[in-house]
Amino acid sequence: MAEVSVLEAVRMALDEAMARDERVFILGEDVEAGGVFRATEGLAAKYPGRVIDTPLAESSIVGIAIGAAHYGMRPIAEIQFADFIHAAFDQLCSEASRWCYRTKGDAWLPLVVRTPWGGGVHGGQHHSQSIEAFYAHMPGLKVVAPSFPADYRSLLLAAVEDPNPVIFLEHKRTYRLIRQELNGAPAETRIGKARVTRRGGDLTLYAYGLMLHECLAAAEELAAEGIECTVVDLLTLRPLDTEAVLEAARATGKVLIVHEDTLTGGFGAEIAALIAEHAFEYLDAPIRRLCGPDIPPIPYHPAMEGFYMPDRRKIAAAARELAAY
Amino acid sequence: MAEVSVLEAVRMALDEAMARDERVFILGEDVEAGGVFRATEGLAAKYPGRVIDTPLAESSIVGIAIGAAHYGMRPIAEIQFADFIHAAFDQLCSEASRWCYRTKGDAWLPLVVRTPWGGGVHGGQHHSQSIEAFYAHMPGLKVVAPSFPADYRSLLLAAVEDPNPVIFLEHKRTYRLIRQELNGAPAETRIGKARVTRRGGDLTLYAYGLMLHECLAAAEELAAEGIECTVVDLLTLRPLDTEAVLEAARATGKVLIVHEDTLTGGFGAEIAALIAEHAFEYLDAPIRRLCGPDIPPIPYHPAMEGFYMPDRRKIAAAARELAAY
Amino acid sequence: MATRERTRKARSREQRHDYLLSEAQLEEMYYYMLLARRLSERMLILNRQGRAPFVIAGAGQEAAQVGAAMALERGTDYLAPYYRDLAMNLVFGMTAREAMLNVLGKRDDPNSYGRQMPAHWSSPARRIVTQSSVVATQLVHAVGIALGARLRGEQLVVMACCGEGATSRGDFHEALNFAAIHRLPVIFFVENNGYAISERTEKEMPVPHVADRARAYDMHAAIVDGMDCVAVYQTVKPAVDQARRGGGPWLIEAKCYRLWAHSSEDDDTRYRPRKELEEWAKKDPITVFRERVLADGIFPREDLEEIEAHVEEEVRDAVEWALAQPDPAPEDALTHVYKEY
Amino acid sequence: MATRERTRKARSREQRHDYLLSEAQLEEMYYYMLLARRLSERMLILNRQGRAPFVIAGAGQEAAQVGAAMALERGTDYLAPYYRDLAMNLVFGMTAREAMLNVLGKRDDPNSYGRQMPAHWSSPARRIVTQSSVVATQLVHAVGIALGARLRGEQLVVMACCGEGATSRGDFHEALNFAAIHRLPVIFFVENNGYAISERTEKEMPVPHVADRARAYDMHAAIVDGMDCVAVYQTVKPAVDQARRGGGPWLIEAKCYRLWAHSSEDDDTRYRPRKELEEWAKKDPITVFRERVLADGIFPREDLEEIEAHVEEEVRDAVEWALAQPDPAPEDALTHVYKEY
Ligand SMILES: Cc1ncc(C[n+]2csc(CCOP(=O)(O)OP(=O)(O)O)c2C)c(N)n1
Ligand SMILES: Cc1ncc(C[n+]2csc(CCOP(=O)(O)OP(=O)(O)O)c2C)c(N)n1
Ligand SMILES: [Mg+2]
Ligand SMILES: [Mg+2]
């Protein structure tokens, strides 16, 4: 089998999920024509009536998916860009997140909301943002943000099978950039599990999405200098694999948390707080975060975008400093 | 001057702001009749035409306030309960937060969004929530959450004068509960400043809103046992007074962060992360957070609500443990 | 249950009216309206006694609710109610005891097991859809249920309810737009009680009738006197039948009135003239119904009195029973954040 | 500027048509439509050359845009445009050079200084309101501006623009509802180009015309041929005048067509039949306008050619000049998160 891109992995998973289970259907803007990133290409023809173009109205895309999931279907809603999910914040946080809780399990929502996120594509203020911190803060939601094609495939299938609402984040910069031979590739099939992608004794890097790849590149560079990094691919942000997070921190004593999202109140703060509480005795250095600066993300011009985005160079620099601490 | 409740302080500030500046007006649901908490009582009669009932539509309440602020007015929008602000998440995060940034200061929004938040009033799932973490994560917004009447008054006036969008959080449980003689009371007039409300060398408690009062009560109890606490009233969550946060942590070496909101990804994570990075060398113990459990907040029944809410007893217990570390 | 017996008795009498309803159904109407009202009254008393922190009720809207709910097929159709719809839920099978568990936030309240405020209904088995306090969100859920049923090939109708105030929200527009595009079998049933808390409808909408809003979607619409249970049924039933056959969604506006304050927290004297209230109180849907069926000679007075006695007893039993039921344990708060699988 | 001279010249000629527009205005129309088109063409070329990462344009919608914008009072009225409205912005005073700075994300682009994607307009001095990529949010801002002006006692009109796809969003409903309740002077100008990216209007709405949506608000509405600049002006102008006098808001739908793909990222062959495109291309608003004024003998051909030459030169100059302007420095990203005071 040839190498598969992130985008192809997503499309494969959608196809498999629809083939497997008649209850699965897709709704969203432009999905019949294949979607603006072509993630649903070919599916409308293959599964007639099960790929449904919606009006341009995100709150209802999620709300209708909620209703259909409650009824017993397994909707996969696509939000065209993660930046536009905010109109559905109310439906996700006030409704979907607590459907099961408020009925004490009498009702539940096997619901997936897929959406492309992240910067590095010159998308400017509203086609670049990281949204994970908002939704990973909400108990009752699950938030998945893979990095490798094999995980995209397996975790999207897992999300469809999960009886809970899952926000499935697809890093749009990696759609075509990251490829992987699926045969034999490690693939996490359980939502809620992180993976140690690389082991090294000097410090731990935590990341997800595009940044995971930047961390791996930085780790490679650092290894050449004799600095050995553990790299943790978080995969699921909620529920977080706290054991994996803490274990790595305890093993290396130094940690660097990386994300594209802005620093203050970003998801990295939670990782830092967890470690500062539960791995405190093992720490040999301050907990470092390398994140987007605190500006409304992300400026359009490539020069400013590059300035905003963390990357392998900045990661390596921060890691070097930390290793020397 | 007699003691003034939080609610009266808010009403006084609204009155003063309207008297001072003709551009100030109020819009929201039921505000003409005084609002469900009576914060705007009497103002519609006193300032004819400047207190405007809106339809039940939060996105437009904020969006219309944005337009009016852009035009040069100074709108104060009321969202009846913080739990209902989420329909305006898009308007707040995609628009208001970046109006100034995306025009590089050519345009700006002197806009205040007031809203009652917090638990302890048997409000159940949608009349109890903490929303600060979502909005304090967004650069370009300011988030203010006072605890004492004098600060409510002075900071609401400051919010009205601020040319930036300010989310002004009023803890509804304290509306009538907390009273203060305003004459001579310390009143913070600058958004972005925290206050050390009590000084003690053993550990620092961080809080805001109702929890600040619970922390003070716990500190009192602990003092009787010989445990001396510093209590930091954060007042503004964004922009955060990081210096004050770090100074207290450095001085005491032990910290306990308290909030009502759910633990994971709550605002306390940011406080913890800051301290773990910038006061690391001074720490004598793990950074502790005492927060709501990770369930969709907040269950209705008083027994479960009490279980959910942090309070002076739980704070004192956690502080005792920390002091003994 | 006593009602069932009466129902059978009534059915045997010959029809001598033009209500297009059997006498059994008319009895049912009276029974449910009265039960809802009496339950609500008791809830308010419990609130004043400090035993129920919060009460929100549908007094004045019982005719609208019962007439509409009876037009649905219980067991098949879905109900996405709003907080005032106690009477609808009773029609859909919720018992008086359950309603009392609900207002007390008891451990075994099937609506939310003490997790939500009272009057946030749920009963999946009865096809009553859980809802939050956030108004209008349920309208979109209803559309999703109808879409799901369409995809699976099940013929059913979904009734989504809200107040007129809720129709100003974006979700209302998005729900109606989608339902109309796909001609889904959804009945949007709006109980226009003239107020959204303190705000009169003039502040909420630029049109005299909520039903006018349907024009933006070329949607079937009807306005009905919501104080007249029979009229409501007669309006909603054909709409439900037509929607079931694929005729597309409806917006039905029931003109009614909120006879009480917004909730136990509200003081409506601040904004509502007593005179207006008194005028409307004369149209109380339950007394009007009673007088009318008596005047039309549908039932002998004893039949009504029998229902009334039965309702009194049912409510008394429900209160007593529910008060004795266990409260949730504090740590019950922790379960079911996620569905296990 | 050369146009101004021609304008004066034109004014001196006697009126010999029924356009209800001076010849100066007609020249202006042609000039702005053409300038917008030629600028957009050059933007696409810059995109293909790798110099502009993203282009989104209004080809096919120039008549609608210019006709509508010219009906406003520049300096007094507010424009809340959407991304396709380059031509409107030109009418409101944006220069060709500024438009080119914008598409290149240059440091001195007055729209957003390289912070937003291109075609996110802003110019407070010209009363052009900043907007995001999130469609329909600007409709509510427009209502707020109108409310602010009403409170301050300034008489002005706000024009809020969007595509037909945007009218499905909740914010559209909330904006129209509020504007109609308060009879605010807002013109909701919808450029219905038949598509929301790949979706035809049938998937977006249950009514044939966006204008039908106005009925839910008892709002004045009009449909106009958006390929005819004169007709658009003649429709919008009286509406603007009436709104200015306190007559309440309008919803005006201009039927037009997107002659190009959605954006430089879009491949419209996936969903749009070439035949349809060809049919519409024949109605290109610029060529149609040109032929018509020539046929009606409004201007001598040389006048038009003079405008065309002028536009060519203006665009050439703008591109050359803008390319030579400085890019933002990387750390420019950090400023103006908050307004200092
Ligand atoms: C989104 C949202 N905003 C505000 C509220 C607070 N609130 C509860 S009921 C209500 C009025 C609702 O009026 P209407 O829809 O007419 O229903 P009624 O109460 O009159 O039956 C308001 C403003 C809410 N529950 N949800
Ligand atoms: C809230 C939101 N959802 C999705 C998008 C992505 N998007 C950009 S333009 C567009 C179609 C808009 O169609 P229409 O309003 O008809 O305007 P047109 O592009 O046809 O001029 C979509 C879906 C967006 N910008 N904003
Ligand atoms: Mg009402
Ligand atoms: Mg369009």
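In what follows, every chain begins at residue 1, and chains take the letters A, B, ... in the order their sequences are listed. Everything numeric in this text was worked out from a predicted model, so none of it was measured.
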With chain A, which of [options] has the greatest number of heavy-atom pairs at distances under 4.5 Å?
options: C:Ser133, C:Ala149, C:Gly114, C:Ala142; answer: C:Ala149
options: C:Glu154, C:Gln138, C:His173, C:His120; answer: C:Glu154
options: C:Thr137, C:Asp109, C:Val337, C:Ile181; answer: C:Thr137

Is the closest side-chain heavy-atom distance between C:Glu174 and A:Glu58 below 4.5 Å? no

Student check: side-chain heavy atoms of C:Asp171 and A:Gln91 closer than 4.5 Å: yes

Identify which part of A:Glu161 has an atom lying under 4.5 Å from any heavy atom of chain C, answering side chain, backbone, both or neither. backbone

Per-residue contact mode, A:Ala57 against chain C (heavy atom under 4.5 angstrom): both

Give the C-alpha distance, both sets of side-chain angles, the deciding distance and a yes or no for side-chain contact (heavy atoms from CB on, under 4.5 Å) between A:Arg23 and C:Arg152. CA-CA 8 Å; A:Arg23 296 169 302 176; C:Arg152 189 182 276 172; 4.0 Å; yes

Quick one, C:Arg169 with A:Asp90, criterion salt bridge (Lys or Arg N to Asp or Glu O under 4.0 Å). Give me CA distance, side-chain angles, the key distance, then yes/no. CA-CA 12 Å; C:Arg169 280 196 102 217; A:Asp90 195 26; 3.2 Å; yes

How about C:His336 and A:Trp99: are their ring centroids closer than 6.0 Å? no

Could you tell me which portion of [X] (side chain, backbone, both or neither) has an atom closer than 4.5 angstrom to a non-hydrogen atom of chain A?
X: C:Asn111; answer: backbone
X: C:Tyr113; answer: side chain
X: C:Ala146; answer: neither
X: C:Leu184; answer: neither

Give the C-alpha distance, both sets of side-chain angles, the deciding distance and a yes or no for side-chain contact (heavy atoms from CB on, under 4.5 Å) between A:His70 and C:Tyr78. CA-CA 11 Å; A:His70 175 79; C:Tyr78 275 78; 4.2 Å; yes

Under 4.0 Å between a side-chain nitrogen and a carboxylate oxygen: does that hold for C:Asp108 and A:Lys104? no

From CA spacing to verdict: side-chain hydrogen bond (donor to acceptor under 3.5 Å, both in side chains), A:Asn164, C:Tyr341: CA-CA 9 Å; A:Asn164 297 289; C:Tyr341 66 113; over 6 Å; no

Indicate the atoms forming the closest heavy-atom contact of [X] with [Y], along with that distance.
X: A:Ser94; Y: C:Val134; answer: CB-CG2, 3.9 Å
X: C:Lys339; Y: A:Cys100; answer: N-SG, 3.6 Å
X: A:Tyr101; Y: C:Ala333; answer: OH-O, 2.6 Å
X: A:Gly67; Y: C:Ile145; answer: O-CG1, 3.3 Å
X: C:His182; Y: A:Asp53; answer: NE2-O, 4.3 Å
X: A:Leu141; Y: C:Tyr338; answer: O-OH, 2.6 Å

Verdict with reasoning, C:Thr130 to A:Glu95, per side-chain contact (heavy atoms from CB on, under 4.5 Å): CA-CA 9 Å; C:Thr130 171; A:Glu95 304 292 338; over 6 Å; no

If you count heavy-atom pairs under 4.5 Å between each of A:Leu109, A:Ile66, A:Asp106 and chain C, which one has the most? A:Asp106

Among the options A:Ile61, A:Leu27, A:Val62, A:Ile52, pick out the one with the most heavy-atom pairs lying under 4.5 Å from chain C. A:Ile52

CD (A:Glu277) with more than 12 external heavy atoms under 6.0 Å: yes

Output the distance between atom [atom1] ([X]) and atom [atom2] ([Y]), rounded to the nearest 0.5 Å.
X: A:Tyr71; Y: C:Arg150; atom1: OH; atom2: CZ; value: 12.0 Å
X: C:Leu147; Y: A:Thr54; atom1: CG; atom2: OG1; value: 10.5 Å
X: A:Arg98; Y: C:Arg115; atom1: CZ; atom2: CZ; value: 11.5 Å
X: C:Ser122; Y: A:Arg102; atom1: OG; atom2: CZ; value: 8.0 Å

